[in-house]
Amino acid sequence: MVQNIAHIALVVRNYDDAIAFYCDTLGFDLIADEYQPEQDKRWVLVRPKGGTGTSLLLAQASTSKQDGFIGDQAGGRVFLFLETDDFARDYAAYSERGVKFIRAPAAQPYGTVAVFVDLYGNKWDLIQFTKPQ
């Protein structure tokens with residue numbers, strides 16, 4: 001059996017602001033942005049540049065309950081892990097573009113890692129693994 005995680009839904013406040021952050025600031029590719037009239041919402045997928053695996057489904061909150069999870073989808077823990085092939089390059093580029101790092105780069109037994117927050121406050125690891133995962 002072969003299975004993969006195709007998409008991870010990320011609840012956002014606004015589609016366009018989220019697209020701007022993920023595509024312009026982090027350099028992700030916009031894979032899809034399609035209006036779904038039967039549900040009156042958009043199907044918005046982004047993926048790290050060069051990536052071929054899992055993408056993020058940017059899901060604009062449509063209820064007050066969903067709105068309460070924006071920026072805190074993992075209860076304050078790191079939620080997503082962005083693997084890079086060049087930590088120094090991406091850390092410098094993201095810092096230059098105003099990405100807020102809340103934990104400085106550190107060498108760990110598994111690789112080099114720093115924690116940043118997205119535009120809503122979700123925590124991400126930027127990580128270059130010592131060995132491919």
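Judged as a salt bridge (Lys or Arg N to Asp or Glu O under 4.0 Å), and not counting sequence neighbours, Arg103 has no contacts. In this structure, Asp17 has no salt bridge (Lys or Arg N to Asp or Glu O under 4.0 Å) partners at least two apart in sequence or on a different chain. Residues passing the side-chain contact (heavy atoms from CB on, under 4.5 Å) test with Phe81, sequence neighbours excluded: Val78, Asp125. Ala59 pairs by the side-chain contact (heavy atoms from CB on, under 4.5 Å) definition with nothing, not counting sequence neighbours. Residues forming a side-chain contact (heavy atoms from CB on, under 4.5 Å) with Gln108 (at least two apart in sequence, or on another chain): Ala106, Tyr110, Val113. Listed by chain and residue number, Phe87, Phe101 satisfy the ring pair (Phe, Tyr, Trp, His ring centres under 6.0 Å) test with Tyr91 (two or more places apart in sequence, or in another chain). In this structure, Glu96 has no side-chain contact (heavy atoms from CB on, under 4.5 Å) partners at least two apart in sequence or on a different chain. Listed by chain and number, the residues in a ring pair (Phe, Tyr, Trp, His ring centres under 6.0 Å) with Phe69 amount to none (sequence neighbours excluded).
Contact annotation: the side chain of Thr84 never approaches that of Ile127 to less than 4.5 Å [non-hydrogen atoms, C-beta and beyond]. With a 4.5 Å cut-off on side-chain heavy atoms, Leu26 and Phe116 count as touching. With contacts defined as side-chain heavy-atom distances shorter than 4.5 Å, the pair Glu83/Phe129 qualifies.
Cluster annotation: Leu119 and Ile19 are assigned to the same hydrophobic cluster (Ile/Leu/Val/Met/Phe/Trp/Tyr, side-chain heavy-atom contacts under 4.5 Å, transitive). At a threshold of 4.5 Å between side-chain heavy atoms, the hydrophobic network of Ile, Leu, Val, Met, Phe, Trp and Tyr places Val99 and Ile102 in two separate groups.
The backbone N or O of Tyr15 sits less than 3.5 Å from a side-chain atom of Gln60, completing a donor-acceptor pair. The backbone N or O of Gly53 sits less than 3.5 Å from a side-chain atom of Arg47, completing a donor-acceptor pair. A donor-acceptor pair under 3.5 Å links the side-chain atoms of Gln128 to the main chain of Asp85, judged by distance alone.
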* Verdict with reasoning, Asp33 to Arg42, per side-chain contact (heavy atoms from CB on, under 4.5 Å) -> CA-CA 6 Å; Asp33 185 356; Arg42 287 160 63 183; 2.8 Å; yes

* **CA sep, side-chain torsions, deciding dist, call: Leu56, Phe28, side-chain contact (heavy atoms from CB on, under 4.5 Å)** => CA-CA 10 Å; Leu56 290 178; Phe28 284 24; 4.2 Å; yes

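From Leu126, atom CG reaches atom CG of Leu80 across 12.5 Å, with rounding to the nearest 0.5 Å. In this structure, CG in Asp16 is found 11.0 Å from SG in Cys23, a value given to the nearest 0.5 Å. Taken from CD in Gln3 to CE in Met1, the straight-line distance is 4.5 Å, to the nearest 0.5 Å. Considering CG of Leu10 and OG of Ser55, their distance stands at 11.5 Å, rounded to 0.5 Å. Distance check, rounded to the nearest 0.5 Å: CG of Asn4 to OG1 of Thr54 gives 7.0 Å.
Here Tyr35 sits alone; no ILVMFWY side chain lies under 4.5 Å from its own, so it joins no hydrophobic cluster. Leu57 forms part of a hydrophobic cluster together with Ile31, Trp43, Leu45, judged by ILVMFWY side-chain heavy-atom separations under 4.5 Å.
Looking at every heavy atom in both residues, Gly27 comes nearest to Arg97 through N-NH1, 4.2 Å. The minimum heavy-atom distance between Ala61 and Ile70, with the atom names listed, is CB-CD1, 3.9 Å. The heavy-atom pair separating Leu82 from Pro48 by the smallest distance is CD1-CG, 3.6 Å. Pairing each heavy atom of Phe21 with each of Val117, the nearest pair is CZ-O, 4.2 Å.
Applying the side chain to side chain donor-acceptor pair (under 3.5 Å) test to pairs two or more places apart or on separate chains, those with a residue in residues 19-32 are Tyr22-Asp118, Asp29-Lys49. The side chain to side chain donor-acceptor pair (under 3.5 Å) pairs that include a residue from residues 63-82 are Ser62-Gln66, where partners are two or more places apart or lie in different chains.
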